[in-house]
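Encoded as structure tokens, the structure appears first; notes follow it.
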Amino acid sequence: KATVSVLNWTGVERTCNTRMAAEEHLDPMPAAEAAPKTARERMKVLMNKRDTFELQLEESLAYLKNTPAGLHEPLQDKEGFPRADCDLHAVTKHRQCVVMLRNDLKGVMVEIEATLHMVHEEAKAAGTVDAKEVPKAAEVDEAAETAALLKRYTDYPPFLEVGEILGESPAAGAGLKELDLVVSWQGITLQHPNFMTQIAQLTQRHENKEMTIVVRRGGADGVLARVMLVPKKWAGKGLLGCVLNKVKK
């Protein structure tokens, strides 16, 4: 049976074992819980699935990043023999997990987008929404919006890398991280001519206004994430407090 047994990668091991067992028509998991009764309950389940897939994908990508073979390098040396500088079995299984989890993420994002419409239909049918449910409704809407956004930018290449981030800066407060790879800066992508100039001008116009940044975390093959950034004056220079470098081709 195929497993990933490396250090403490328990989350990845569980995912790979579950998927491999499913392909072998086994039943490694206990009986499923009762199906959600409402669209809102289903949305919560889907959001938890998405978070789990993203965490496990990050773990596999982090493992591969720390091996000489990585995600794409050959598993043979120059003479055609299996390379001896890493655990080829673990590398292979983590690569398989990356492929499977990316497909799972795409699938769950499509489901979240579709379920959002059902949530709105339920709200219309009810006529009113209980005050206690308002924060939950906002959370659901934000999750669905994020899923749709990330789905849109799945195949877009990164064009900026986040360098140093200063403490107490707008960039730090928004949750940007060093080595984040920017895929979209408020809609500006690699396809836009003179994108550095456009980003500078757009950021100036958005002082004290929220901007949507889409980044990849964990390298060019990492997980997509949405960052809500508000450019503003602070104790340091500029409106961001971080360095943005062009991605080398």
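Only this structure's heavy atoms are used, side chains among them; waters, hydrogens and symmetry mates stay out.
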*Considering only heavy atoms from C-beta outward, does the side chain of Leu61 approach that of Glu58 to under 4.5 Å?*
no

*pair Thr154-Lys106: side-chain heavy atoms closer than 4.5 Å*: yes

Tabulate below the donor-acceptor pairs under 3.5 Å that side-chain atoms of residues 187-198 make, not counting sequence neighbours, or state none.
from, atom 1, to, atom 2, distance (Å)
Thr189, OG1, Gln191, N, 3.3
Thr189, OG1, Gln191, OE1, 2.9
Thr189, OG1, His192, ND1, 3.4
His192, ND1, Thr189, N, 3.1
Gln198, NE2, Pro193, O, 2.7

_Hphob cluster co-occupancy, Leu181 + Met211, side-chain heavy atoms under 4.5 angstrom_ = no

Side-chain polar contacts of residues 227-248 - donor-acceptor pairs under 3.5 angstrom, sequence neighbours left out - could you list them?
from, atom 1, to, atom 2, distance (Å)
Lys233, NZ, Glu207, OE2, 2.7
Trp234, NE1, Lys237, O, 3.3
Trp234, NE1, Gly238, O, 3.3

_Nearest-0.5 Å distance, NE2 of residue His94 to CG of residue Leu101_ = 11.0 Å

*What distance separates Thr92 OG1 from Gln96 CD, expressed to the nearest 0.5 Å?*
6.5 Å

*Quick one: side chain to side chain contact (heavy atoms under 4.5 Å, CB included) partners of Glu168, sequence neighbours excluded?*
none

*Please confirm whether the backbone N or O of Leu71 pairs with a side-chain atom of Arg95, one donor and one acceptor, at under 3.5 Å?*
yes

*Checking Arg216 side chain against Gly222 main chain: does a donor-acceptor pair fall under 3.5 Å?*
yes

*With sequence neighbours excluded, what pairs up with Asp85 under the side chain to side chain contact (heavy atoms under 4.5 Å, CB included) test?*
Pro68, Arg83

*Distance from Glu178 atom CD to Asp180 atom CG, nearest 0.5 Å?*
9.5 Å

*asked:* Run the side chain to side chain contact (heavy atoms under 4.5 Å, CB included) test against Glu111 and tell me which residues pass, sequence neighbours left out.
replied: Arg42, Leu46

*Is it the case that one hydrophobic cluster holds both Val214 and Tyr156, taking links as side-chain heavy atoms less than 4.5 Å apart, direct or via other members?*
yes

*Going by distance alone, is a donor N or O of one side chain under 3.5 Å from an acceptor N or O of the other, for Trp185 and Thr203?*
yes

*Kindly compute the distance separating CE (Met47) from OG1 (Thr115), expressed to the nearest 0.5 Å.*
11.5 Å

*Please identify each residue that fulfils side chain to side chain contact (heavy atoms under 4.5 Å, CB included) with Ala172, with sequence neighbours left out.*
Ile165, Ser169

_Val182 reachable from Leu224 in the ILVMFWY side-chain graph, under 4.5 Å edges_ = no

*Short question: side chain of Asn66, backbone of Tyr63 - any donor-acceptor pair under 3.5 Å?*
no

*asked:* I'd like to know whether Lys177 forms a side-chain contact (heavy atoms from CB on, under 4.5 Å) with Val162, so could you lay out the CA-CA distance, the side-chain angles of the two residues, the decisive distance to 0.1 Å, and finally the verdict.
replied: CA-CA 7 Å; Lys177 298 181 180 179; Val162 180; over 6 Å; no

*Thr67 side chain vs Leu64 backbone, donor-acceptor pair below 3.5 Å*: yes

*side-chain contact (heavy atoms from CB on, under 4.5 Å) assessment of Glu41 paired with Val45*: CA-CA 6 Å; Glu41 289 176 358; Val45 172; 5.8 Å; no

*Roughly how far apart are Tyr153 OH and Thr212 OG1, rounded to 0.5 Å?*
8.5 Å

*Close side-chain approach of Val215 to Leu176, heavy-atom, < 4.5 Å*: yes

*CZ-CE distance between Phe53 and Met100, expressed to the nearest 0.5 angstrom*: 10.5 Å

*Shared ILVMFWY cluster between Val183 and Ile199, side chains joined below 4.5 angstrom?*
no

